[in-house]
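What follows is one structure encoded as structure tokens, with my remarks underneath.
Owing to the predicted nature of the structure, the values given are computational and were not obtained by experimental measurement.
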Amino acid sequence: MKLGIKEIEKIIPHRHPFLLLDYIEELEPGVSAVGYKCVTFREDFFKGHFPQEPVMPGVLTVEALAQVGAVAILSLEENKGKTAYFGGINKCRFRGKVVPGDKVRLETKIIRQKGPMGIGEAVASVDGKVVVKAELTFVVG
């Protein structure tokens with residue numbers, strides 16, 4: 001199931017400039033999602049991070065992974081209209097840079113869920129190389 005911006009906006013509350021997804025390529029509601037962020041030099045954060053060497057802030061890559069996970073969890077019928085909040089970030093490792101021109105693959109798999117809380121295993125990669133890996137805890141509210 002492929003989702004564009006308009007479909008993503010029907011599932012999660014994020015909007016420009018904080019919506020960090022361009023499209024969802026694969027979606028299994030409540031289980032996993034794979035999305036993409038096409039990074040351009042025109043992103044606002046590049047003005048200050050860093051003017052001499054533009055790098056997407058790692059925390060924004062983690063946020064993009066969380067948004068993909070939120071699409072997976074909030075696409076379940078019982079979660080429609082709700083919001084997924086961060087409950088924690090564990091085992092986070094930054095293994096590479098994201099720079100203008102990169103197409104970031106964002107994959108989040110829901111590995112545990114009990115009631116409104118759950119954990120997603122998240123991996124961001126560029127050209128097959130892992131740039132961020134983390135375990136994201138979420139609370140649906």
- Item | N90, CG: over 12 other non-hydrogen atoms inside 6.0 angstrom | yes
- Task: Calculate, to the nearest 0.5 Å, the distance between atoms CG and CG belonging to L65 and L21 respectively.
- Result: 9.0 Å
- Looking only at heavy atoms, what is the nearest atom pair of V104 and A124, with distance? CG1-CB, 4.0 Å
- Query: What do you reckon, is CZ of R15 surrounded by more than 12 foreign heavy atoms closer than 6.0 Å?
  - Reply: yes
- Message: If the condition is side-chain hydrogen bond (donor to acceptor under 3.5 Å, both in side chains), which residues does Y23 pass it with, not counting sequence neighbours?
- Response: K103
- Minimal non-hydrogen separation, L106 against A64, with atom names: CD1-CB, 3.8 Å
- Message: Could you work out, with side-chain contact (heavy atoms from CB on, under 4.5 Å) as the rule, every residue matching D44, not counting sequence neighbours?
- Response: K47
- Message: To the nearest 0.5 Å, what is the distance between OG1 on T61 and NZ on K133?
- Response: 15.5 Å
- Query: Taking the side chain as C-beta and beyond, is there a heavy-atom pair between I73 and Q113 under 4.5 Å?
  - Reply: yes
- Item | F41: hydrophobic cluster co-members (side-chain, 4.5 Å) | none
- Task: Could you go through the side chain to side chain contact (heavy atoms under 4.5 Å, CB included) check for K37 and Q67 one step at a time?
- Result: CA-CA 11 Å; K37 166 76 176 150; Q67 289 179 19; over 6 Å; no
Let me check something: any side-chain donor-acceptor pairs from residues 1-13 under 3.5 Å, sequence neighbours excluded? List them with distances.
residue: E7; atom: OE1; partner: G4; partner atom: N; Å: 2.8

Using atom types as modelled, flag every donor-acceptor pair under 3.5 Å from a side chain in residues 92-102 to any protein atom, sequence neighbours excluded.
residue: K97; atom: NZ; partner: E53; partner atom: OE2; Å: 2.4
residue: D102; atom: OD2; partner: V99; partner atom: N; Å: 2.9

- Item | Distance in Å, E135 CD paired with I89 CD1, rounded so as to fall on 0.5 Å steps | 11.5 Å
- Is the count of non-hydrogen atoms from other residues, nucleotides or ligands lying under 6.0 Å from K129 atom NZ greater than 12? yes
- Scanning both residues in full, the closest heavy-atom pair of C38 with D22 reads N-OD2, 2.5 Å
- Query: If you group Ile, Leu, Val, Met, Phe, Trp and Tyr by side-chain heavy-atom gaps below 4.5 Å, do V62 and V55 land in one group?
  - Reply: no
- Task: Could you tell me the separation between the CD atom of E63 and the CG atom of L136, rounded to the nearest 0.5 Å?
- Result: 9.5 Å
- Query: Do you know which two heavy atoms are closest between P17 and L20, and how far apart they sit?
  - Reply: O-CD2, 4.2 Å
- Item | Minimum heavy-atom distance G87-V139, with the two atoms named | CA-CG2, 4.4 Å
- Message: K82: which residues meet the side-chain hydrogen bond (donor to acceptor under 3.5 Å, both in side chains) condition with it, sequence neighbours left out?
- Response: none
- Item | Partners meeting salt bridge (charged side-chain N to carboxylate O under 4.0 Å, His left out) with K80 (sequence neighbours left out) | E77
- Note on the structure: For T40 and F46 the tightest heavy-atom approach is O-CE1, 3.1 Å
- Query: Mind checking who shares a hydrophobic cluster with L76, ILVMFWY linked at side-chain heavy-atom distances under 4.5 Å?
  - Reply: none
- Which residues share a ring pair (Phe, Tyr, Trp, His ring centres under 6.0 Å) with F86, sequence neighbours left out: none
- Message: Between Y85 and F18, is there shared hydrophobic-cluster membership here, with clusters defined by ILVMFWY side-chain heavy atoms closer than 4.5 Å?
- Response: no
- What residues form a side-chain contact (heavy atoms from CB on, under 4.5 Å) with V34, not counting sequence neighbours? E25, E26, Y36, R105, E107
- Task: Run through the side-chain heavy atoms of Ile, Leu, Val, Met, Phe, Trp and Tyr, join any pair under 4.5 Å, and report what else lands in V130's cluster.
- Result: V123
- Message: Could you work out, with ring pair (Phe, Tyr, Trp, His ring centres under 6.0 Å) as the rule, every residue matching F50, not counting sequence neighbours?
- Response: none
- What's the verdict on side chain to side chain contact (heavy atoms under 4.5 Å, CB included) for T137 and I119, showing C-alpha distance, side-chain angles and the deciding distance? CA-CA 4 Å; T137 303; I119 295 173; 3.9 Å; yes
- Message: Using side-chain heavy atoms (C-beta onward) and a distance below 4.5 Å, is F138 in contact with T83?
- Response: no
